[in-house]
Number of protein chains: 2
Amino acid sequence: MPEISLSIGALARSVGCKVQTIRYYEQIGLLPAPARTAGAQRRYGPVQREKLSFIRHARELGFPLPAVRELLVLAEQQKSGCAQADQIAHRQLDAVNRHIAMLNSLRVELERMLQHRRGYRTGECRVIATLADHGLCRGEHHGQPTQD
Amino acid sequence: MPEISLSIGALARSVGCKVQTIRYYEQIGLLPAPARTAGAQRRYGPVQREKLSFIRHARELGFPLPAVRELLVLAEQQKSGCAQADQIAHRQLDAVNRHIAMLNSLRVELERMLQHRRGYRTGECRVIATLADHGLCRGEHHGQPTQD
DNA sequence: GCTTGAAGCTCTAGTCGCTGTAGGTTTTAG
DNA sequence: CTAAAACCTACAGCGACTAGAGCTTCAAGC
């Protein structure tokens, strides 16, 4: 019986997130409302700590909250959800790979911009010239960055 | 004299962004307010088209709007801004590289999660087990994804 | 038992960079 | 002249939190 109940602050420290984040998860129905003290302060048990830890881990892996919600359901009915969980994880892996590919093309162009700058005999800046003239980059790629 | 003045829709098509985006840039003071027709519709000239194109190109490279704003100022005073522009571009390159590094570590963990799933004799799902138990991943890494 | 300061509470607004909608007006092609 | 497309303003919403104001409760020391 090491942790009978945790305050929200202790819970936040123990999983490494902010107090407000926990309250936010409760508000959007991701975490169930916990028990309260007589003075209406939240107290959490080990089960809820595990659940929050699960959520945070999934979030750190970049799963969006709707996906986290699905994974929580699958985790709860701990049977027959494996194929679906795999599918969700695959989707996330695909998204991460697409994101990486895009960022790599951005990196290439930023590096090109910076490497060629030594032409400033002319008084003009390569970085600015590149941004001003889309023809100066190889220009096939870089659609805009999506978020996750 | 091919383009004397463009409507907002024509401008949007010509640089590849949405009409609302242009109005938004005007609203936040990134693009100057253009001339208007008698009926109060916006009309743009080639100078503003170039400016918008510059902005969009920078955005596609992931520069945040405050950085774009700085770059625009440097581009306007087209002298002596090169060192600063380089610095901004370097900052952006660093941010992109950090982002890539983090996503790579996420990819590694997602792949590990998915590859090991063949242990489902036990009826338990590797994906869910991994999310539930932080000890199952190598666990040193993955701080949370930052946006740009 | 009392004090005090940290930590808790609710509620609201702000972040970033747009995007979408509602409800109306103007332009333009036929 | 009509009808449809494009435009206008104003505001709400996205995702996932984060920050602040203004108040209350808890826990530890005396």
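Letters A, B, ... mirror the listed sequences (proteins, then strands); counts begin at 1.
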### Query
Using a distance-only test with no angle check, is there a side-chain donor-acceptor pair under 3.5 angstrom linking B:Ser7 and B:Arg43?
no
### Task
Answer yes or no: does a side-chain N or O of A:Ser7 lie under 4.0 Å from OP1 or OP2 of C:dG8?
yes
### Task
Could you check how far CD of A:Gln27 sits from C1' of C:dC11, rounded to whole Å?
10 Å
### Task
Check whether B:Ile28 and B:Ile8 end up in the same hydrophobic cluster, where Ile, Leu, Val, Met, Phe, Trp and Tyr are linked by side-chain heavy atoms less than 4.5 Å apart.
yes
### Query
Between A:Arg56 and D:dC17, does any side-chain N or O lie under 4.0 Å from OP1 or OP2?
yes
#### Entry: Separation of C:dC11 P from A:Glu26 CD (nearest whole Å)
12 Å
### Task
Verify the contact: side-chain N or O of B:Thr37 to OP1 or OP2 of C:dT27, cut-off strictly under 4.0 Å; return yes or no.
yes
### Task
Give B:Tyr25 one of three labels, base, sugar-phosphate or nothing, depending on what nucleic acid heavy atoms sit under 4.0 Å from its own.
sugar-phosphate
### Message
Whole angstroms only, please: what is the CG-C1' distance between B:Leu6 and D:dA6?
### Response
14 Å
### Message
Can you tell me if B:Arg42 touches the phosphate of D:dT9, counting only side-chain N or O atoms and a distance under 4.0 Å to OP1 or OP2?
### Response
yes
### Task
Give a yes/no answer on whether the side chain of B:Lys18 brings an N or O atom under 4.0 Å of OP1 or OP2 in C:dG17.
no
### Query
For A:Tyr24 and C:dG8, what is the distance between atoms OH and P respectively, to the nearest whole Å?
21 Å
### Query
How is B:Arg23 classified with respect to the nucleic acid when contacts are heavy atoms under 4.0 Å: base, sugar-phosphate, or nothing?
base
### Value in whole Å for how far the P atom of C:dC16 lies from CG of B:Leu30
14 Å
### Task
Could you say whether B:Arg43 or A:Val19 is positioned toward the 5' end of DNA chain C, judged by the nucleotide with the nearest heavy atom to each?
A:Val19
### Query
Given atom CG of B:Leu11 and atom P of D:dC8, what is their separation to the nearest angstrom?
11 Å
### Query
A:Gln41 CD to D:dC23 P: how many Å, rounded?
18 Å
### Query
Nearest-Å distance, CD1 (A:Ile28) to P (D:dG15)?
10 Å
### Query
With sugar-phosphate meaning primed atoms plus P, OP1 and OP2, does A:Arg36 contact a base, only sugar-phosphate, or nothing at under 4.0 Å between heavy atoms?
sugar-phosphate
### Message
Over all strands shown, is B:Ile8 touching base, sugar-phosphate only, or nothing at heavy-atom distances under 4.0 angstrom?
### Response
sugar-phosphate
### Message
I'd like to know if the side chain of A:Thr21 and the backbone of A:Cys17 have a donor-acceptor N/O pair within less than 3.5 Å.
### Response
no
